[in-house]
Visitor: 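This is the structure I have questions about; it appears just below.
Whatever order the structure lists them in is the order used to number ligands and atoms, beginning at 1. Numbering of residues begins at 1 and proceeds along the displayed sequence. Because only heavy atoms are used, hydrogens play no part in the values below, and waters and symmetry mates are left out as well, while side chains stay in.
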Amino acid sequence: MTREATPCREGDHGKFEITERDGWARLGKFHTSTHVLNTPCLLPVINPNIRTVEPREMWEKYGFEALITNSYVIWKHEKLKEKALSNGVHELLDYPGVIMTDSGTFQNYVYGDVEVGVEEIVQFQRDIGVDIATMLDVFGTPDMSKEEVEEAVRETISRAPASIQAAETTLLNGPVQGGTHPDLREASARGMAEHDFAVHPIGGIVPLMERQRYRELVEIILACREHIPWNRPIHIFGCGHPHLFPICVALGADMFDSAAYALFARDDRMLMPWGTVKLGDLKEFPISTAALSGHTPDSVRSLADDARCELLARHNLEVTASELARCRQAVRDGTIWGLVEERSHTNTALREATEYLYENMPESLISATNPLRSGGVKASQDLPTSPPSVAALGRLLNSFESEANRAILISGASGPWRERIGGLVQTIGRRWPDAAVFIETPLGLLPYTLEDVSPWAHLNGPPSIWNSLSLEDRAFDLEALVGEVEQMVELSFSNDKRTNLELIESAFGEGLDEGRSKAELDRQMIEDKICYFLDVERQFAEQLLSGSTFVYSRTHRVRNVHSEDGQHLFSPRMRDGGLSLTLEGARRLQGSGIPTVVVDDDSIPFTRKGRNVMHGFIADVKGDLNPGLPCLLESQDGTFLGHGVSLCTGSEARCFRKGVAVKVRDGIGE
Ligand code: GUN
């Protein structure tokens with residue numbers, strides 16, 4: 001397959017944009033003058049002296065859009081240096097994609113004899129035409145004293161200005177060092193972020209990965225992630241084992257590089273998505289790749305050394321490429337956390353790292369996660385510890401309020417619950433209006449008013465999960481949602497309506513005749529959804545809905561919500577239980593607490609026409625923008641301009657310069 005590189009458009013050089021995301025995990029495009037690189041991606045390491053697989057094949061056959069080689073190795077080698085300087089590095093390697101070079105830092109760490117100047121090595125990388133160069137950082141190792149690591153961090157930051165000047169227009173890597181010390185990692189990230197680097201690799205981690213100290217790797221990424229500008233890609237230096245990709249991608253990694261495919265092949269070791277296996281231990285291949293096609297372990301073992309090494313390197317490259325493709329697809333599908341959980345069970349060190357992450361999940365990762373999940377959610381993978389669930393549960397606890405002093409808990413079945421107990425809930429509203437109804441789900445108690453909201457309504461799993469909540473969890477949830485209740489009764493979905501009514505009667509007594517009407521119950525449902533999805537203050541929602549009326553579907557679900565004066569404001573969505581706003585509904589939410597993007601003056605005419613809000617045209621953000629949820633659009637003088645769905649967080653809106661920030665639903669017109 002011959003593929004052409006696609007150079008970036010003028011003015012986009014060095015910009016990074018997000019095209020899909022789930023929490024911190026993101027698919028992006030990094031714009032370079034040679035090629036627009038799709039991320040997350042892996043850059044195979046090419047040794048200019050020993051080429052196990054030709055760079056041209058990396059591009060054409062395996063689809064790697066970028067590679068990394070070492071500028072110091074080229075610089076030291078007279079012939080290579082001369083060729084690179086006269087013909088450029090792309091011709092030297094015969095590779096049309098993005099070429100990143102390292103600076104010699106790693107050689108210095110391994111051999112300790114690097115004699116090149118800070119500016120000299122950056123100038124050389126620029127002169128041979130690399131796309132992304134690397135400054136000469138100081139490698140902080142895990143066994144250095146804290147003072148030594150601190151000095152490495154300080155020295156690396158102090159070299160930044162001269163390196164950036166030497167790079168001129170060449171994009172430059174600014175590595176984050178700091179060893180295993182979270183405070184030094186943070187200081188390094190903050191210090192490097194102040195300079196105009198294009199990419200931030202996380203460095204100094206190879207010795208940790210060699211010893212499978214994965215928990216510390218997670219700690220390091222957590223310590224620096226939030227201090228690296230969101231609009232710069234993050235590269236994980238020397239991380240090439242496929243089983244680490246899902247957790248790193250979930251933590252926001254955009255690039256990886258690896259020599260593992262070739263180094264492991266030399267030792268007859270094969271990379272698999274779940275770990276490494278020795279060729280010598282295999283009777284059959286547990287996975288099929290094009291490289292292994294027509295072979296058995298025996299036939300590969302009988303090959304000559306060079307041929308065997310090449311074949312295993314090709315297999316390793318294929319596995320690496322396909323595991324990264326799996327991660328990217330999982331980000332699109334909203335299943336990256338499922339993949340993290342799955343891979344965590346393949347290795348005890350990785351399991352420890354994953355559990356550490358679950359216990360130390362950053363607030364800003366949770367608030368960057370869309371709580372709405374499209375399609376079914378596997379109950380086994382959408383653990384209460386995973387960010388989509390935590391995001392949903394956090395919103396529920398923050399937004400839900402009830403004056404009920406009695407509670408009715410129903411357990412034992414998956415959704416859709418309305419079909420099973422819609423009638424019962426209406427009777428409860430009429431006879432016991434001070435009772436709130438909750439459904440028991442594996443993620444905790446769900447107020448019936450949010451019965452069709454994802455992820456609760458779309459959890460898939462065996463019947464047993466619908467009775468799996470412990471007594472303590474139920475009591476905890478109830479207390480958090482409604483506080484102290486005077487009375488509680490437990491019902492089962494497997495009972496018929498009469499039996500359940502008898503159970504309520506025997507606990508609560510006869511009740512009233514004319515408590516709450518269906519319209520009042522529906523109004524409560526819409527109010528709870530407005531508070532849950534739109535961050536609107538409850539009093540505001542209550543006032544907005546006072547006197548509202550509804551248009552119903554044939555199955556008696558609310559199709560449209562109209563204000564007292566007859567304006568269509570909202571429509572509940574069947575697909576995920578969300579709320580769609582009309583232009584008038586959005587207008588009336590101004591000042592309610594709903595997240596709002598203030599666009600700059602240049603883009604007012606476009607926003608009014610309903611065109612998407614692009615990064616780089618945002619003047620301010622009010623409230624907490626949540627990717628996937630609605631927001632309002634205003635001009636700087638506070639004029640309402642329209643509404644849409646945010647694709648970014650507030651911190652991202654403040655720094656990105658490329659890509660769509662808000663998918664606009666409607667504008668107020670010209
Ligand atoms: N390769 C692997 N780790 C590192 C690092 O910390 N710095 C540089 N420049 N290259 C690396």
Side-chain angles (χ1 to χ4, degrees), residues 42-48 66-76 99-122 124-125 130 132-144 148-160 162-164 166-167 170-181 184-185 187-189 191-192 195 197-211 213 216-217 220-221 223-224 228 233-241 244 248 253 255-263:
L42 177 119
L43 291 69
V45 174
I46 297 290
N47 181 334
L67 57 76
I68 182 167
T69 189
N70 201 298
S71 64
Y72 181 68
V73 173
I74 301 175
W75 182 82
K76 276 222 335 198
I99 297 183
M100 180 187 279
T101 41
D102 203 348
S103 53
T105 296
F106 196 64
Q107 274 65 27
N108 200 42
Y109 156 67
V110 180
Y111 310 109
D113 66 344
V114 169
E115 297 143 4
V116 70
V118 169
E119 284 136 301
E120 190 181 11
I121 195 64
V122 173
F124 177 67
Q125 294 173 78
V130 312
I132 309 166
T134 304
M135 67 168 282
L136 194 68
D137 51 323
V138 183
F139 199 102
T141 69
D143 38 49
M144 277 178 176
E148 287 170 316
V149 180
E150 196 167 6
E151 176 54 24
V153 167
R154 203 195 52 72
E155 176 63 21
T156 300
I157 295 172
S158 79
R159 292 177 181 179
S163 305
I164 284 176
T170 300
L171 305 174
L172 196 63
N173 272 331
V176 171
Q177 295 289 343
T180 53
H181 307 281
L184 296 184
R185 286 285 173 180
S188 175
M192 298 302 279
H195 300 280
F197 289 107
V199 178
H200 287 288
I202 296 179
I205 53 173
V206 170
L208 292 178
M209 287 186 293
E210 283 169 350
R211 281 168 254 164
R213 289 164 64 175
E216 285 157 291
L217 174 66
I220 288 169
I221 300 177
C224 43
I228 294 173
I234 291 192
H235 180 126
I236 314 284
F237 251 151
C239 174
H241 202 301
L244 290 171
C248 291
M255 300 181 186
F256 301 87
D257 72 90
S258 174
Y261 75 96
L263 297 177

Visitor: Decide yes or no for Phe237 and Asp102: does some side-chain heavy atom of the first lie under 4.5 Å from some side-chain heavy atom of the second?
Guide: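 Phe237 reaches Asp102 side chain to side chain.
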Visitor: Looking only at the side chains, is there a donor atom on one of Gln125 and Thr101 sitting less than 3.5 Å from an acceptor on the other?
Guide: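 Yes, side-chain donor-acceptor contact under 3.5 Å.
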Visitor: Consider only side-chain N and O atoms of Asp137 and Thr156, and report whether a donor and an acceptor are under 3.5 Å apart.
Guide: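 No, no side-chain donor-acceptor contact under 3.5 Å.
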Visitor: What class does the angle between the rings of Trp75 and Tyr72 fall in, given that below 30° is parallel, 30 to 60° is tilted and above 60° is perpendicular?
Guide: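 If you compare the ring of Trp75 with that of Tyr72, the planes turn out parallel.
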Visitor: What are the two closest heavy atoms between Arg159 and Met135, and how far apart are they?
Guide: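 For Arg159 and Met135, the tightest heavy-atom pair comes out as CB-CE, 3.5 Å.
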Visitor: Can you tell which of Leu43, Asn173, Ile236, Leu42 makes a side chain to side chain contact (heavy atoms under 4.5 Å, CB included) with Met255?
Guide: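 The single option meeting the side chain to side chain contact (heavy atoms under 4.5 Å, CB included) with Met255 is Leu43.
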Visitor: Can you produce the list of protein nitrogen or oxygen atoms under 3.5 Å from a nitrogen or oxygen of ligand 1, alongside each distance?
Guide:
unit_1	atom_1	unit_2	atom_2	d
ligand 1	6 (O)	Gln177	NE2	2.9
ligand 1	6 (O)	Gly204	N	2.8
ligand 1	7 (N)	Asp137	OD2	2.8
ligand 1	9 (N)	Asp102	OD1	2.8
ligand 1	9 (N)	Asp137	OD1	2.8
ligand 1	10 (N)	Asp102	OD1	3.3
ligand 1	10 (N)	Asp102	OD2	2.6

